[in-house]
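In this chain, numbering begins with 1 at the start of the sequence shown.
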Amino acid sequence: MKRYIVIFMVFFTAALFAQSDEMTMWNELYDGADTIEGKLVILQQVAASNPSGSTELFARALDRLVKEYPDIRNKNELAAADQSAILLSRALGEAQYADAAPSLWFVVQNFQGTQDAPLAKSDALIALGKVKSERYLPQIAQLLRDLNSRPPQDRNTQIQNERIAYGAIVALENYKDPAGYLAVFFASTGWYNERIKNQASVSLPQIVDDPTDPLNEVVTSPGYSYEIKHLALRTEERSQAPDTSKAKIALSALTEGWKASTNDVHQRNELSQMRKLAIGMIRRYGIDDPAVYPQLDNSYKRGIDMQEKLDTVRTLGALGTEDAARLLASYISELHQRRQSNSFTRDDESLIREIIPALGQTKKSLGRPVLLLVQNSAAWTYAIKDLAAQAIKELTQ
């Protein structure tokens, strides 16, 4: 009965607002409501009319709600509390009302018991991100990490946790702080449904332009699977990180790709794919770290397929350094010996046709002796000799 009286008062007093202080009236009506349901009706009316000064009422209402919440036992009142928290979180988040942060976090930690509680938590998390309360950034990131690491055992819990995870992901996107990046990254690979994982993927580039440091941590850590390391490298490639940063993590991934050892066919293929992506990134972005050459040498000599070897050769040619030219020259020398010993294979033929032009591309004179060796040897076909002659010309340009 009281609820209907409150609703009647709302409509009755609406006609008087033109002659009265509107927010004073709304505050009096709110204070006069003696149930959570009654207060919710007032808050819904305020939100619909959106008068000037409503943010202060919403902030006061949320503070009051969280103080009263531990004593609420009635199911209908609990449901009204959840709906109130949703309304107030959205309003205060849009207003970027930072003083509401402690009450918003209370909602995240304590609201439970009805089907709308996860939505209340989700909206409170999103609001915290909008007000950018630094105090709660670590807790939100930890909350999402905890959700990522504990797949629920039943469907109902899964739905609830996905709703909360969504709020945490959007909150960390709004914070735009590197401290939240990895939690969102792992959400994009986690147990969630596609909507949640897609949201995480969309949020990642909004958090930070250059995610190299956190992603490099994933690539180099022994605690993550090859699939996750490969995903971290792909994520870096899609980011807005500068070329030097992309090259840095590519070298890390290439190094990790040769540090690992496995007999599992799937995992070996995953490592090969990661190495090939890293090699391609090094070719595109360049790198001045000499540590890259032993790893590229590994890919040429130990790569599990021809594509990795060919990618390596092309990358060495693109790098164009003395170290790159020295490796390419050594490969030609090895192939020349194989040619003379009649152990030359069809794959060797494919390699020599790539290596000679790559050496010419470096324009380094140290490659001339081995190219002259090929050009003047009866062991090679005219086609290969022509490639060597053209490469020598490039060295002299």
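Taking OG1 of T114 as the start and CG of D82 as the end, the distance is 3.0 Å to the nearest 0.5 Å. Here the CZ atom belonging to R275 is positioned 10.0 Å from the CD atom belonging to Q295, to the nearest 0.5 angstrom. Atom CG in L233 sits 11.5 Å away from atom CD in Q273 (nearest 0.5 Å). Expressed to the nearest 0.5 Å, how far CD of E334 lies from CG of D348 amounts to 10.0 Å. W26 CH2 to L57 CG: the interatomic distance, rounded to the nearest 0.5 Å, is 9.5 Å. One distance of note links CG of L310 with CD of E308; it measures 10.5 Å at 0.5 Å rounding.
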If you apply the rule side-chain hydrogen bond (donor to acceptor under 3.5 Å, both in side chains), what do you find for N269 with S272, and how did you get there?
CA-CA 5 Å; N269 182 64; S272 177; 5.4 Å; no
Determine whether D323 and R326 satisfy the following criterion, salt bridge (charged side-chain N to carboxylate O under 4.0 Å, His left out), listing intermediate values before the conclusion.
CA-CA 5 Å; D323 287 332; R326 191 171 291 110; 3.1 Å; yes
Report the C-alpha distance between L371 and I332 in whole Å, list the side-chain angles of each, state the deciding distance to 0.1 Å, and finish with yes or no for side chain to side chain contact (heavy atoms under 4.5 Å, CB included).
CA-CA 8 Å; L371 290 172; I332 294 175; 4.1 Å; yes
Could you walk me through whether D297 and K301 satisfy the salt bridge (charged side-chain N to carboxylate O under 4.0 Å, His left out) test, starting with their C-alpha distance in whole Å, then the side-chain angles of each, then the deciding distance to 0.1 Å, before giving a yes or no?
CA-CA 6 Å; D297 191 39; K301 294 177 178 177; 3.3 Å; yes
Pair R353-E349, salt bridge (charged side-chain N to carboxylate O under 4.0 Å, His left out): steps then yes or no:
CA-CA 6 Å; R353 288 178 177 274; E349 178 77 19; 3.0 Å; yes
As a quick check of understanding, evaluate side-chain hydrogen bond (donor to acceptor under 3.5 Å, both in side chains) for E256 and H230, giving each step before the final call.
CA-CA 10 Å; E256 287 296 312; H230 191 188; over 6 Å; no
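Aromatic ring centres of F344 and W380: separated by under 6.0 Å. Aromatic ring centres of Y224 and F186: separated by under 6.0 Å.
Note on R268 versus D264: no salt bridge recorded, every NZ/NE/NH1/NH2 to OD/OE distance being 4.0 Å or above. A salt bridge does not link K276 to D311: none of the charged nitrogens lies less than 4.0 Å from a carboxylate oxygen. The residues E194 and K197 are annotated as salt-bridged, a charged nitrogen and a carboxylate oxygen being separated by less than 4.0 angstrom. Comment: K39 does not engage D31 in a salt bridge, judged by the lack of any side-chain N to carboxylate O separation of less than 4.0 angstrom. With respect to the salt-bridge test (charged N to carboxylate O, under 4.0 angstrom), the residues D243 and K246 do not qualify. Salt bridge E68/R64: present, at least one basic N to carboxylate O contact under 4.0 Å. By the 4.0 Å N-to-carboxylate-O rule, E237 lies too far from R234 to be salt-bridged with it.
Judged by distance alone, the side chains of R145 and Q142 do bring a donor and an acceptor atom under 3.5 Å apart. For the residue pair Y192/N161, the side-chain donor-acceptor check at 3.5 Å is not satisfied. Using modelled atom types and a 3.5 Å distance limit, the side chains of E37 and N76 yield no donor-acceptor pair. The closest side-chain donor-acceptor pair between D210 and Q240, if any, does not fall under 3.5 angstrom. Residues D154 and T157 have side chains that bring a donor and an acceptor to within less than 3.5 angstrom of each other. Counting only N and O atoms by type, the side chains of S203 and Q199 include a donor and acceptor under 3.5 Å apart. Checked by atom type, the side-chain pair D386/Q390 shows no donor-acceptor distance below 3.5 Å. A side-chain N or O of T212 and one of E236 form a donor-acceptor pair less than 3.5 Å apart. When only modelled atom types and interatomic distance are considered, N27 and T24 share no side-chain donor-acceptor pair under 3.5 Å.
Without hydrogens or angle criteria, S54 side chain to P51 main chain gives a donor-acceptor distance under 3.5 Å. With hydrogens and angles disregarded, no donor-acceptor distance shorter than 3.5 Å links the side chain of S377 to the backbone of V374. In this structure, the side chain of S299 does not engage the main chain of L296 through any donor-acceptor pair within 3.5 Å. In this structure, T235 contributes its side chain and L231 its backbone to a donor-acceptor pair below 3.5 Å. In terms of modelled atom types and a separation under 3.5 Å, the side chain of K130 and the main chain of N174 share no donor-acceptor contact. Distance alone, capped at 3.5 Å, is enough to place a donor-acceptor pair between the S122 side chain and the R163 backbone.
Residue I304 is not grouped with residue L254 when hydrophobic side chains (ILVMFWY) are merged at heavy-atom distances under 4.5 angstrom, including chains of intermediate members. Note on V219 and L204: same hydrophobic cluster, where clusters join Ile, Leu, Val, Met, Phe, Trp and Tyr whose side-chain heavy atoms are under 4.5 Å apart, directly or indirectly. Both L87 and L62 are assigned to one and the same hydrophobic cluster, defined by single-linkage of ILVMFWY side chains at heavy-atom distances under 4.5 Å.
When all heavy atoms of L104 and A124 are compared, the closest pair comes out as O-CB, 3.5 Å. Considering all non-hydrogen atoms of both residues, I140 and A171 come closest at CG2-CB, 4.3 Å. For the pair I287 and I282, the tightest heavy-atom approach, listed with the atom from each and the gap, is CG2-CG2, 3.9 Å. Taking both residues in full, the closest heavy atoms of E77 and I72 are given as CB-CG2, 3.6 Å, listed atom of the first, atom of the second, then distance. Across every non-hydrogen atom of K364 and A325, the tightest pair is CB-CB, 3.6 Å. In this structure, G53 and M23 approach most closely via the heavy-atom pair O-CE, 3.8 Å.
Around atom CD of Q115, no more than 12 heavy atoms belonging to other residues, nucleotides or ligands sit under 6.0 Å away.
Note on ring orientation: taking the six-membered ring where Trp is involved, the planes of Y69 and F111 are parallel (angle under 30°, cut-offs 30° and 60°).
Checked against side-chain contact (heavy atoms from CB on, under 4.5 Å), E56 has no partners two or more places apart in sequence or in another chain.
Shown are Y331, Y293, W258; of these, the ring pair (Phe, Tyr, Trp, His ring centres under 6.0 Å) with Y300 is made only by Y331. Among L144, I169, V108, L125, the single residue meeting the side chain to side chain contact (heavy atoms under 4.5 Å, CB included) criterion with I164 is L125.
Inter-residue side-chain proximity for Y285 and S245 is flagged as unmet; no heavy-atom pair is nearer than 4.5 Å. Put simply, the side chain of V370 does not reach to within 4.5 Å of the side chain of H336, judged on heavy atoms. Between D213 and Y181, every side-chain heavy-atom pair lies at or beyond the 4.5 Å cut-off.
Sequence neighbours left out, the pairs with a member in residues 84-93 that pass side chain to side chain donor-acceptor pair (under 3.5 Å) are R90-D123.
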